[in-house]
**Student:** 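Sharing a structure, written as structure tokens. Questions coming.
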Protein chains: 2
Amino acid sequence: MSRSHIDVSALASEACPVSEVLDHVSGKWSIGILVAAAQGPVRFTELERSIKGISRRMLTLKLRKLERDGLLVRTVHPVVPPKVEYTLTEMARELHESLLGLTDWAKRHGTTVAAAQAAYDREHNR
Amino acid sequence: MSRSHIDVSALASEACPVSEVLDHVSGKWSIGILVAAAQGPVRFTELERSIKGISRRMLTLKLRKLERDGLLVRTVHPVVPPKVEYTLTEMARELHESLLGLTDWAKRHGTTVAAAQAAYDREHNR
DNA sequence: CTGGATCCGCAGAGATACTG
DNA sequence: CAGTATCTCTGCGGATCCAG
């Protein structure tokens, strides 16, 4: 079949889980949380401080979402003051590996992208 | 130095291009477009049909964005009716490779994630 | 065929204050 | 320390109409 018959339907629809991965990974913060938690068990406040700019609300929401997706394990230590640690599951660690491919790409082409944007703007705006 | 001093600041802030990659890749449609265009030059209408559910507006916006980022090349053929083709740049093709890692992960763990969500919901809502 | 322009609703995300 | 509860604002994204 010729390349006119590209079938992305399986990608964009429910059939293919690709879009859903991005749903987990997408959003401003999920990736940051994943990467931060990849180093080992992390406490709530550590995350809050590490990920500059995130609000408590967003951190909580994203944490819950990742936990629900089975990417994060939430461990509550029954002590005072409260101590909660978040750890990546094995599955999430694999995801983190794949993510590394993206971060690597970003490092290699970050400046090129910026340049492309500048060029585009120069050509279209003024 | 203990792992208390995780520094994701360089990731969440402007310094690290990781967040920005996700900015390009994130959003409901960018990935789909990238994957669809990876097979070769694609026309606007082909994309519109391939990516089920996308609106014309969104397709245009995302296309512009990807073009601006230097990931897509837009070629206008001066004929009637108009014919425009979109092609991935070399840079984008590399990105597409990395994306494959993600899609692979998704295929391997898609069901597991779904199960985790179901379990989580059972335990919390019911 | 390939868009641009406009209107509008909704979810994501920030700020702030309160609690076990 | 680790959240929860509101309240609000912004921007994404859909629908529709217009145009080269």
Side-chain angles (χ1 to χ4, degrees), chain A residues 4 6 12-13 19-20 22-33 36-37 41-69 72-87 120-121 123-125, chain B residues 3-4 6 12-13 19-20 22-33 36-37 41-69 72-87 120 123-125:
Chain A
S4 311
I6 299 168
S13 66
S19 319
E20 303 174 20
L22 273 306
D23 252 44
H24 308 324
V25 150
S26 146
K28 238 169 142 182
W29 306 111
S30 302
I31 298 276
I33 296 176
V42 191
R43 301 186 59 176
F44 187 89
T45 309
E46 284 183 321
L47 285 170
E48 192 178 5
R49 275 191 301 245
S50 300
I51 308 172
K52 314 279 186 188
I54 195 172
S55 66
R56 236 169 225 176
R57 173 183 142 83
M58 276 302 111
L59 182 53
T60 301
L61 286 180
K62 291 307 182 178
L63 246 20
R64 292 287 170 276
K65 178 173 183 178
L66 292 172
E67 187 195 355
R68 187 176 106 99
D69 290 340
L72 241 43
V73 174
R74 179 169 175 269
T75 312
V76 181
H77 298 79
V79 299
V80 296
K83 177 175 180 178
V84 179
E85 287 187 321
Y86 293 89
T87 318
Y120 183 96
D121 291 345
E123 193 147 341
H124 285 42
N125 291 3
Chain B
R3 44 154 250 282
S4 312
I6 300 167
S13 65
S19 318
E20 302 173 23
L22 272 306
D23 253 45
H24 308 324
V25 149
S26 151
K28 242 168 136 182
W29 306 112
S30 302
I31 299 276
I33 296 175
V42 192
R43 299 186 58 175
F44 186 89
T45 310
E46 284 182 320
L47 286 170
E48 191 179 6
R49 275 191 302 243
S50 300
I51 308 173
K52 314 279 185 186
I54 197 172
S55 65
R56 239 172 221 170
R57 173 183 143 83
M58 276 304 111
L59 182 54
T60 302
L61 286 180
K62 292 305 181 179
L63 246 20
R64 290 289 167 275
K65 178 173 183 176
L66 292 172
E67 187 195 355
R68 187 175 105 101
D69 291 341
L72 242 42
V73 175
R74 179 169 177 267
T75 312
V76 181
H77 297 80
V79 298
V80 295
K83 175 174 179 177
V84 180
E85 286 186 321
Y86 294 91
T87 318
Y120 184 95
E123 195 148 340
H124 292 296
N125 298 6

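Proteins get letters first, then strands, A, B, ... in listed order; numbering begins at 1 in each. Keep in mind the model is a prediction, meaning the values are calculated, not measured.
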**Student:** By nearest nucleotide on DNA chain C, pick out whichever of B/Thr60 and A/Lys62 is the more 5' one.
**Tutor:**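 Mapping each residue to its closest nucleotide by heavy atoms, the 5'-most match is B/Thr60.
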**Student:** Please report the distance, rounded to the nearest Å, between CD1 in B/Ile54 and P in D/dG14.
**Tutor:**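 Answer to the nearest Å: 7 Å.
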**Student:** Grab the NE2-C1' distance between A/His124 and C/dG4 for me, whole Å please.
**Tutor:**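 Computing the A/His124:NE2 to C/dG4:C1' distance gives 13 Å.
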**Student:** Quick check: on DNA chain D, is the nucleotide nearest A/Tyr86 upstream (toward 5') of the one nearest B/Leu61, or the reverse? Name the residue that is more 5'.
**Tutor:**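 Residue closer to the 5' terminus by nearest nucleotide: A/Tyr86.
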**Student:** Determine the contact category for B/Pro81: base if any of its heavy atoms lies under 4.0 Å from a base atom, sugar-phosphate if only primed atoms, P, OP1 or OP2 are that close, otherwise nothing.
**Tutor:**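 Answer is sugar-phosphate: B/Pro81 comes under 4.0 Å of backbone atoms only.
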**Student:** Quick one: CG on A/Leu47 to OG1 on A/Thr60, what's the gap to the nearest 0.5 Å?
**Tutor:**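 Reported value, rounded in 0.5 Å steps: 10.5 Å.
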**Student:** A/Arg43 has a side chain; which of C/dC1, C/dG3, D/dC1 sits nearest to it?
**Tutor:**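 Of the options given, the side chain of A/Arg43 lies nearest D/dC1.
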**Student:** Distance check needed: D/dG13 C1' versus B/Arg64 CZ, whole Å only.
**Tutor:**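 In whole Å, D/dG13 C1' lies 17 Å from B/Arg64 CZ.
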**Student:** Among A/Leu66, A/Leu63, A/Thr75, which residue satisfies the side-chain contact (heavy atoms from CB on, under 4.5 Å) criterion with A/Tyr86?
**Tutor:**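 Between A/Tyr86 and the candidates, side-chain contact (heavy atoms from CB on, under 4.5 Å) is satisfied uniquely by A/Leu63.
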**Student:** Taking the side chain as everything from C-beta on, heavy atoms only, tell me whether B/Lys28 gets closer than 4.5 Å to B/Ile54.
**Tutor:**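 They are not in contact (no side-chain heavy atoms under 4.5 Å apart), so the answer is no.
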**Student:** Expressed in angstrom and rounded to an integer, what is the separation of B/His77 atom NE2 from D/dG20 atom P?
**Tutor:**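 It works out to 23 Å between those atoms.
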**Student:** Between C/dC8 atom C1' and B/Arg57 atom CZ, what is the distance in whole Å?
**Tutor:**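 Going from CZ in B/Arg57 over to C1' in C/dC8 covers 11 Å.
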**Student:** Stepwise, does the side chain to side chain contact (heavy atoms under 4.5 Å, CB included) test hold for A/Arg74 with A/Leu72?
**Tutor:** CA-CA 6 Å; A/Arg74 179 169 175 269; A/Leu72 241 43; over 6 Å; no
**Student:** A/Met58 CE to D/dA2 C1': how many Å, rounded?
**Tutor:**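 About 16 Å, once rounded to whole Å.
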**Student:** Between A/Arg56 and A/Gly53, which is nearer to the 5' end of DNA chain C once each is assigned its nearest nucleotide?
**Tutor:**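 The residue mapped nearer the 5' terminus is A/Gly53.
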**Student:** I need the NZ-C1' distance between A/Lys52 and C/dG14, as an integer number of Å.
**Tutor:**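 My rounded result for the distance is 18 Å.
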**Student:** When the distance from CD1 of A/Ile33 to P of C/dA13 is rounded to whole Å, what number comes out?
**Tutor:**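 In whole Å, C/dA13 P lies 10 Å from A/Ile33 CD1.
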